[in-house]
Amino acid sequence: MLREAKPEELNDILELYLHLHEDSIPEDNEHLRKAWTQIMDDPNHHLIVNVVDGKIVSSCVCVIIPNLTRGVRPYALIENVVTHEAYRNRGLAGECLEYAKQIAISENCYKMMLLTGSKRPSTLNFYEKAGYDCTTKTAFYQKL
């Protein structure tokens, strides 16, 4: 079942992120709770989840960013695409990306962007099959 995350699902999301690139769950403190509340309260921040048998097993984030160019049309940024290792290769992350695409269309976005640090052909092929093009633009990244 595809839907947006609920406020009470913070711990489920953090556990899923252990299958992304995190090696531990952050300390449950005021800083974490503040960030979670900001995410949940932001109408432009969509934390999409795919639920199987009552468990969140795949997710992505879609942020709609207001813009003053391209006819004052916003754009969408996709982040944190992840599927629990035991549920991979079932199309669940692809469904999350399609859900994000429908949000972007409904918000009149003129483009969607996604970055990956992966160089694995299977990951790159997955994004290409989902409609993302890695040849049109050049991405630059600066870690802060």
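Because the structure is predicted, anything quoted here is derived from the model rather than measured. Starting from 1, each residue takes its place in the sequence as its number.
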Please check if atom [atom1] in [X] has more than 12 non-hydrogen atoms from other residues, nucleotides or ligands closer than 6.0 Å.
{"X": "Glu30", "atom1": "CD", "answer": "no"}
{"X": "Asp53", "atom1": "CG", "answer": "no"}
{"X": "Arg90", "atom1": "CZ", "answer": "yes"}
{"X": "Asn29", "atom1": "CG", "answer": "yes"}

Hphob cluster co-occupancy, [X] + [Y], side-chain heavy atoms under 4.5 angstrom:
{"X": "Leu97", "Y": "Met112", "value": "yes"}
{"X": "Met113", "Y": "Val61", "value": "yes"}
{"X": "Tyr110", "Y": "Ile78", "value": "no"}
{"X": "Tyr17", "Y": "Leu77", "value": "yes"}
{"X": "Leu2", "Y": "Val52", "value": "no"}

From [atom1] ([X]) to [atom2] ([Y]), nearest 0.5 Å:
{"X": "Ser122", "Y": "Tyr127", "atom1": "OG", "atom2": "OH", "answer": "10.5 Å"}
{"X": "Ile105", "Y": "Glu98", "atom1": "CD1", "atom2": "CD", "answer": "7.0 Å"}
{"X": "Asn50", "Y": "Cys60", "atom1": "CG", "atom2": "SG", "answer": "9.5 Å"}
{"X": "Leu14", "Y": "Trp36", "atom1": "CG", "atom2": "CH2", "answer": "7.5 Å"}
{"X": "Ile103", "Y": "Cys62", "atom1": "CD1", "atom2": "SG", "answer": "5.0 Å"}
{"X": "Leu16", "Y": "Ile25", "atom1": "CG", "atom2": "CD1", "answer": "10.5 Å"}

Minimum heavy-atom separation for [X] to [Y], with atom names?
{"X": "Tyr87", "Y": "Leu92", "answer": "O-CD1, 3.6 Å"}
{"X": "Ile64", "Y": "Ala104", "answer": "CD1-CA, 4.2 Å"}
{"X": "Glu4", "Y": "His45", "answer": "OE1-O, 4.3 Å"}
{"X": "Tyr75", "Y": "Cys109", "answer": "C-SG, 3.7 Å"}

Main chain of [Y], side chain of [X]: is a donor-acceptor contact present, judged purely on distance under 3.5 Å?
{"X": "His46", "Y": "Pro43", "value": "yes"}
{"X": "Asp42", "Y": "Gln38", "value": "no"}
{"X": "Asn67", "Y": "Arg73", "value": "yes"}
{"X": "Ser58", "Y": "Val82", "value": "yes"}
{"X": "His84", "Y": "Ala86", "value": "yes"}
{"X": "Ser118", "Y": "Thr123", "value": "no"}

Between [X] and [Y], is any pair of side-chain heavy atoms under 4.5 Å apart?
{"X": "Leu32", "Y": "Pro26", "answer": "yes"}
{"X": "Leu20", "Y": "Glu22", "answer": "no"}
{"X": "Leu124", "Y": "Cys134", "answer": "no"}
{"X": "Leu114", "Y": "Val81", "answer": "yes"}
{"X": "Lys6", "Y": "Met40", "answer": "no"}
{"X": "Tyr132", "Y": "Thr116", "answer": "no"}
{"X": "Ile13", "Y": "Val49", "answer": "yes"}

Show, in sequence, the C-alpha distance, side-chain angles and deciding distance for Arg88 and His19, and conclude whether the side chain to side chain contact (heavy atoms under 4.5 Å, CB included) test is met. CA-CA 11 Å; Arg88 291 186 179 160; His19 298 270; 3.9 Å; yes
Would you mind checking if Glu9 and Arg3 are paired as a salt bridge, meaning a charged N to carboxylate O distance below 4.0 Å?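 Yes, charged N to carboxylate O under 4.0 Å.
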Determine, step by step, whether Glu79 and Val63 satisfy the side chain to side chain contact (heavy atoms under 4.5 Å, CB included) criterion, reporting the C-alpha distance in whole Å, the side-chain angles of both residues, the deciding distance to 0.1 Å, and the verdict. CA-CA 8 Å; Glu79 263 296 327; Val63 180; over 6 Å; no
